[in-house]
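Letters A, B, ... mirror the listed sequences (proteins, then strands); counts begin at 1. This structure is a prediction, so every number in the text was calculated from the model and none was measured.
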Amino acid sequence: MATVKLRDVKKSYGSVEVIKGVDIDINDGEFVVFVGPSGCGKSTLLRMIAGLEDITSGTLEIDGQVVNDLEPKNRGIAMVFQTYAIFPHMTVRENVAFGLTINKASNEEKEKKVAEAARVLQMEHLLDRRPSELSGGQRQRVAIGRAIVRDPKVFLFDEPLSNLDAALRMDMRMEIGKLHNSLAASMIYVTHDQVEAMTLADKIVVLKDGRVMQIGSPMELYHEPANLFVAGFLGAPSMNFIPVTVEAVEGENIAISSPSLDRISVPGKGRSFTVGQTATLGVRPQYIRPASGDSGMLHGKVALTERLGSETVVDVTLASGGTLIVALPEDKVLAEGTETSFDFDPAQAHLFPETP
Amino acid sequence: MATVTADNRGLRLATRYAVLILIAIIFIFPLLFMVMSSLKPSAQLLADTKSLRAFLPVGDLSFDNYTDAFVRAPIGLFVFNSVLVTGITVLFCIFVCSLAAFAFVFIDWGGKTIIFSILLATLIIPYETIFIPLLLMASQLPWIGAEGFEIGWLNSYRVQIVPFIADALSIFLFVQFFKDLPKELIEASRVEGASWWTIYRKVVMPLSGPVIATAAILKFLFMYNQYLWPLMVVQEEGIRPVMVGLGYFTDQLNVPWGEVMAYLTVITVPVLAFYLALQRVFIASVASTGVK
Ligand SMILES: Nc1ncnc2c1ncn2[C@@H]1O[C@H](COP(=O)(O)OP(=O)(O)OP(=O)(O)O)[C@@H](O)[C@H]1O
Ligand SMILES: [Mg+2]
């Protein structure tokens with residue numbers, strides 16, 4: 001258990017800067033998830049924390065100690081890799097005990113810790129097998145077991161579930177969640193699966209192009225995205241973005257309109273707007289409802305209806321061109337081709353000064 | 001349908017075997033010729049080369065050539081010398097070359113690309129071209145032996161071993177193999193607290209069975225076949241290797257071909273034994289680690 005603190009951390013490969021000044025605070029026992037599109041630097045950042053990549057500049061503290069120049073083994077971390085990285089020539093038992101063996105732990109201690117890890121991960125019956133005789137999920141369990149026995153201060157996971165199939169991914173996700181609860185250790189988890197991020201995290205760090213876009217709890221990020229990128233990144237189906245023009249600034253509220261949207265007032269949330277500028281209105285598909293008659297604020301034509309079982313997703317072609325995605329309860333069906341108006345609560349809309 | 005596919009498979013199998021058998025025959029015939037000839041008197045041996053009889057155990061067969069050959073040359077001693085020199089060189093080569101490759105592949109240090117390029121460049125230099133300077137060097141190298149400090153390495157086992165321990169080809173083979181090992185295995189070991197030495201011993205080498213076998217076989221053949229170098233640096237009979245020993249039979253007007261063949265048959269045995277042993281290791285390690 002430990003805190004992790006990154007201050008203005010940067011990383012360059014030659015002249016290419018891939019991490020451009022990152023500040024993150026991770027509290028004791030917290031589960032932090034790094035998300036972001038491919039190539040944004042999630043793995044690089046994690047590997048810098050692990051000590052597998054040098055830190056070009058900035059400081060990294062683990063448990064109050066600056067560890068920039070410490071070897072991975074001296075940082076009190078354990079890491080689980082996407083490709084499992086378990087040793088093919090050793091049995092599961094030898095794999096799990098690897099760190100203990102090379103650090104010359106006594107046999108009793110090894111026995112005890114391996115047994116404990118095997119119990120937690122329900123793999124007692126696999127201990128004498130070789131990795132080639134295990135399924136993907138079982139291999140990942142072995143990798144996690146190897147991390148557990150070392151009692152690290154911080155667990156690092158780099159997309160540990162992305163090589164597993166959907167069903168197994170869900171099982172393992174829940175197990176990692178349980179593991180975090182029972183070990184109460186700090187964990188840093190890299191993924192680009194937003195379900196993993198939303199369900200596991202105490203705190204999500206959204207990255208893009210080597211910069212932090214927002215840090216917050218999953219619900220904060222979902223309900224109060226700080227910018228267009230975060231708004232579009234989290235949530236499924238993703239948030240609708242409608243280009244609008246600012247008509248008036250009315251104190252806290254901003255009046256906006258667009259060809260497919262009647263003039264409305266939405267909360268400005270402290271962002272500054274000037275009259276006449278173009279801005280982007282974000283509304284989650286779940287908050288949009290068909291209006292009774294023509295009274296709605298958004299006008300369009302139903303292009304496609306997809307019934308997913310738990311909800312019905314409707315693609316609407318707006319009067320002005322763009323597309324609107326509407327997520328309706330499962331029993332609602334809109335016939336394709338019908339002209340419909342839609343409503344939403346302006347308080348649940350987000351107005352961003354930038355355009356996508 | 002079922003019978004058609006079964007037939008097809010049978011046909012494919014038959015073709016495959018036919019090709020393999022053909023290749024095997026091409027490779028076995030010289031060996032067969034050697035072994036058969038070693039059992040025949042020289043006159044018959046030469047006469048037989050005009051027909052397929054050369055490959056058949058026909059005519060006046062005996063082990064006389066073997067007894068004569070053992071009288072003419074200390075074959076046991078030569079085989080012992082060659083096996084000793086070759087064995088030690090192979091062991092050291094595996095160790096030194098894999099360590100060098102490990103440093104090239106897994107450890108970051110300044111100038112390693114340049115040094116590796118220079119190393120690769122030495123691949124195109126034939127050994128024969130460096131033999132003379134090497135000979136001069138060997139004659140001046142110091143050594144601390146049983147009789148204290150001495151100068152000159154000629155006439156020793158070490159002069160047959162040391163110059164051949166490290167070579168660019170073996171290092172290159174290891175480098176290529178190490179590059180294909182999953183990088184995460186090394187990183188996981190580092191995170192677990194393994195030193196480079198531990199990673200080398202406990203992770204990398206146990207997964208390198210196939211390349212160890214390959215490098216060992218190549219080095220073994222190269223060393224066992226050494227002729228020119230030992231001819232130059234070794235005068236004493238006691239430390240002479242097998243290929244130089246061949247000179248005991250060929251340095252006269254009437255070459256006793258039967259004895260030559262007997263000699264060759266005897267000195268081929270260690271090569272086959274080594275090859276068969278390593279082949280098994282090779283297959284076993286590929287099958288068990290599943291790394292390649
Ligand atoms: N060794 C390297 N040399 C040069 N550039 C690198 C190196 N490793 C990574 N990069 C670059 O750094 C950037 C971040 O890579 P990183 O692997 O951290 O991305 P990621 O967020 O983990 O992506 P993914 O989701 O695809 O795993 C990428 O643009 C990548 O090309
Ligand atoms: Mg990655």
Atom CG of B/Leu13 with >12 non-hydrogen neighbours under 6.0 angstrom
yes
Those residues of residues 86-101 of chain B that come under 4.5 Å of chain A on a heavy-atom basis, listed by number, are none
Backbone of B/Lys202 reached by a side-chain donor or acceptor of A/His89 within 3.5 Å
yes
More than 12 non-hydrogen atoms from neighbouring residues, nucleotides or ligands closer than 6.0 Å to CE on B/Met205, yes or no?
yes
Region of A/Gln82 that comes under 4.5 Å of a non-hydrogen atom in chain B:
neither
Just jot down the side-chain hydrogen bond (donor to acceptor under 3.5 Å, both in side chains) partners of A/Glu17, sequence neighbours excluded, or say none.
none
Is the number of heavy atoms from other residues, nucleotides or ligands under 6.0 Å of B/Ile124 CD1 greater than 12?
no
Hey, could you give me the CZ/CD distance between A/Arg146 and B/Glu192, rounded to the nearest 0.5 Å?
5.0 Å
The residue among A/Thr83, A/Leu52, A/Asp158 that forms side-chain contact (heavy atoms from CB on, under 4.5 Å) with B/Glu184 is A/Thr83
Should B/Pro182 and A/Phe81 count as side-chain neighbours, where that means a heavy-atom distance under 4.5 Å?
no
For the interface with chain B, which of A/Gly99, A/Gly51, A/Ala50 has the highest count of heavy-atom pairs at distances below 4.5 Å?
A/Gly99
Take atom OH of B/Tyr157 as the centre, draw a 6.0 Å sphere, and report whether it contains more than 12 heavy atoms from other residues, nucleotides or ligands.
yes
Let me confirm one number: the OG-CD distance from B/Ser195 to A/Glu71, rounded to the nearest 0.5 Å.
10.5 Å
Taking atom OH of B/Tyr127 as the centre, does the number of heavy atoms from other residues, nucleotides or ligands within less than 6.0 Å exceed 12?
yes
So does A/Lys112 have more than 12 non-hydrogen atoms from other groups sitting under 6.0 Å from NZ?
no
Would you compute the distance between atom CD of A/Glu53 and atom CD of B/Glu187 and round it to the nearest 0.5 angstrom?
7.5 Å
Under 4.5 Å heavy-atom distance to chain B, tell me which part of A/Leu100 shows up: side chain, backbone, both or neither.
neither
Could you tell me the separation between the CG atom of B/Leu185 and the OH atom of A/Tyr84, rounded to the nearest 0.5 Å?
13.5 Å
Does CD in A/Glu111 sit with more than 12 non-hydrogen atoms of other residues, nucleotides or ligands closer than 6.0 Å?
no
Evaluate side chain to side chain contact (heavy atoms under 4.5 Å, CB included) for B/Leu207 paired with A/Phe87, printing each intermediate quantity in order.
CA-CA 9 Å; B/Leu207 293 173; A/Phe87 305 113; 5.7 Å; no
Might you point out which heavy atoms bring B/Gly193 and A/Lys73 nearest each other, and give the distance in Å?
CA-CB, 3.2 Å
Look at atom CZ of B/Phe222 and say whether more than 12 heavy atoms of other residues, nucleotides or ligands are closer to it than 6.0 Å.
yes
